[in-house]
Amino acid sequence: MDLVLLGAPGAGKGTQAERLEQWLAIPQVSSGDLFRVNIAEGTALGRAAQSYIDRGALVPDDVTIGMVAERLAEADCADGAILDGFPRTVAQAKALDELLAEMGRQVDLVPYVTVARETLLERLGGRWTCRACGAVYHQVYRPPEVTGVCDVCGGELYQRPDDTAETQARRIDVYMQETSPLIAYYRERGLLVEIDGERSIDEVEAALRAAVSSMERASSYCP
Ligand code: AMP
């Protein structure tokens, strides 16, 4: 099964993708995480992406599509993936359709997690990320047990440079301009399911599970 999680930065896609990963036993593929690993490792791709990420702009499609294509070709993605942060443009969505078609697959469902702009800014402002494993915390909504330390792996928590005040607003604007056309793209294909992301993490998770289960029931129904 291949899922595309849509939603603005701060909508909670990463948190929900982690939970769906456990439940569905298919990996989360986060383009943002892949870029951060490349930057931390100092690869050529990381160097190419860094300046875009630092200013909250989108990394060019060719770089991004190539990186995600390589990830989807890995063995653990053979049964599907939960795409988080990719696609972000219609060109990326078309490239994903082609990539999956080559593997005899398709996008099965696109949950779109909706959250008001003020909530997005509030969430991004308090967000802390584990330097080692990428787990995401929030100082109010999801605090770690020990301040500054990851509950999962004991790694150091830090604020992403692109989670600073100036870049946050820019990332949300970029999302509205460049990523919102994807909503129409997937709605026209009958794949979009809107999920109210203003609710608690558990409630959003339950809504996502219900959407996945109902898609599975519909696709196994052969009259
Ligand atoms: P994220 O962790 O998804 O919020 O992504 C962090 C940053 O990585 C974004 O603000 C972009 O600069 C870059 N990025 C992540 N995914 C993509 C994508 N699909 N296309 C272009 N740039 C991306």
Side-chain angles (χ1 to χ4, degrees), residues 2-18 20-21 27-41 43 45-72 77 81-100 107 110-113 115 117 119-131 133-138 157-183 185-186 197:
D2 290 282
L3 299 184
V4 168
L5 274 185
L6 272 192
K13 298 186 301 295
T15 303
Q16 294 299 337
E18 272 172 36
L20 287 177
E21 185 176 44
Q28 167 192 19
V29 171
S30 156
S31 43
D33 284 352
L34 292 172
F35 282 129
R36 283 183 284 278
V37 168
N38 275 279
I39 289 171
E41 290 176 351
T43 66
L45 190 144
R47 286 194 298 279
Q50 177 130 42
S51 66
Y52 297 95
I53 294 177
D54 286 350
R55 61 194 147 91
L58 292 188
V59 177
D61 282 341
D62 55 340
V63 178
T64 309
I65 292 166
M67 176 183 75
V68 174
E70 271 185 31
R71 177 68 188 91
L72 288 177
C77 293
I82 302 159
L83 288 147
D84 161 15
F86 180 92
R88 258 174 158 97
T89 62
V90 172
Q92 291 180 11
K94 289 184 175 161
L96 176 64
D97 287 344
E98 282 168 24
L99 266 172
L100 291 177
V107 173
V110 182
Y112 168 38
V113 184
V115 173
R117 187 185 173 90
T119 316
L120 295 173
L121 287 168
E122 201 180 291
R123 287 187 184 171
L124 290 172
R127 185 154 89 168
W128 290 81
T129 305
C130 175
R131 216 179 268 290
C133 75
V136 177
Y137 298 86
H138 190 279
L157 302 185
Y158 77 115
Q159 265 200 307
R160 277 171 42 182
D162 61 345
D163 272 345
T164 55
E166 319 83 74
T167 318
Q168 282 161 17
R170 164 103 178 115
R171 288 169 60 212
I172 294 171
D173 292 343
V174 166
Y175 174 81
M176 296 302 171
Q177 284 155 20
E178 306 197 41
T179 306
S180 54
L182 284 185
I183 295 162
Y185 181 87
Y186 286 122

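In each ligand, atom 1 is the first atom listed, and ligand 1 is the first ligand listed.
Closest non-hydrogen pair, V59 versus T64, comes out as O-OG1, 3.4 Å. Listed here is the closest heavy atom pair of P9 and L124: O-CD1, 3.7 Å. Taking both residues in full, the closest heavy atoms of C130 and L157 are given as CA-CD2, 3.6 Å, listed atom of the first, atom of the second, then distance. Closest approach of R171 and G56 over heavy atoms only: CG-CA, 3.6 Å.
Using a 4.0 Å cutoff on heavy atoms, P9 does not count as a contact of ligand 1.
Interface atoms of ligand 1 facing R36, defined by a heavy-atom separation under 4.0 Å, are 2 (O), 6 (C). Below 4.0 Å from some heavy atom of Q92 lie the following atoms of ligand 1, by number and element: 18 (C), 19 (N), 20 (N), 21 (C).
Under 4.0 Å from ligand 1, not a single heavy atom of K13 appears. Of all the heavy atoms of T64, the ones lying under 4.0 Å from any atom of ligand 1 belong exclusively to the side chain. In R160, the part holding a heavy atom less than 4.0 Å from any atom of ligand 1 is the side chain.
Of the charged side-chain nitrogens involved, at least one lies within less than 4.0 Å of a carboxylate oxygen, so that D173 and R117 count as a salt-bridged pair.
Note: an N/O pair closer than 3.5 Å links A57 and ligand 1 by distance alone. Considering backbone and side-chain N/O of G85, one or more are found under 3.5 Å from N/O of ligand 1.
What sits closest to atom 3 (O) of ligand 1 on the protein, heavy atoms only, is R88 NH1, 3.1 Å. When hydrogens are left out, the protein atom nearest atom 7 (C) of ligand 1 is D162 OD2, 3.9 Å; that is the closest non-hydrogen contact. In this structure, the protein non-hydrogen atom closest to atom 22 (N) of ligand 1 is V59 N, 3.0 Å. Atom 10 (O) of ligand 1 has as its closest protein heavy atom R171 NE, 3.7 Å. The protein atom (non-hydrogen) at minimum distance from atom 16 (N) of ligand 1 is S31 OG, 2.8 Å. Summary of contacts: the protein heavy atom closest to atom 23 (C) of ligand 1 is F35 CE1, 3.7 Å.
Between the CZ atom in R88 and the CZ atom in F86 there is a gap of 10.5 Å [rounded to 0.5 Å].
For D61 and T89, the side-chain atoms include at least one donor-acceptor pair closer than 3.5 Å.
Contact annotation: the side chain of I172 approaches that of L121 to within less than 4.5 Å [non-hydrogen atoms, C-beta and beyond].
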(message) Could you go through D97 and K94, starting from their C-alpha distance and side-chain angles, then the distance that decides it, and tell me whether this counts as salt bridge (charged side-chain N to carboxylate O under 4.0 Å, His left out)?
(response) CA-CA 5 Å; D97 287 344; K94 289 184 175 161; over 6 Å; no
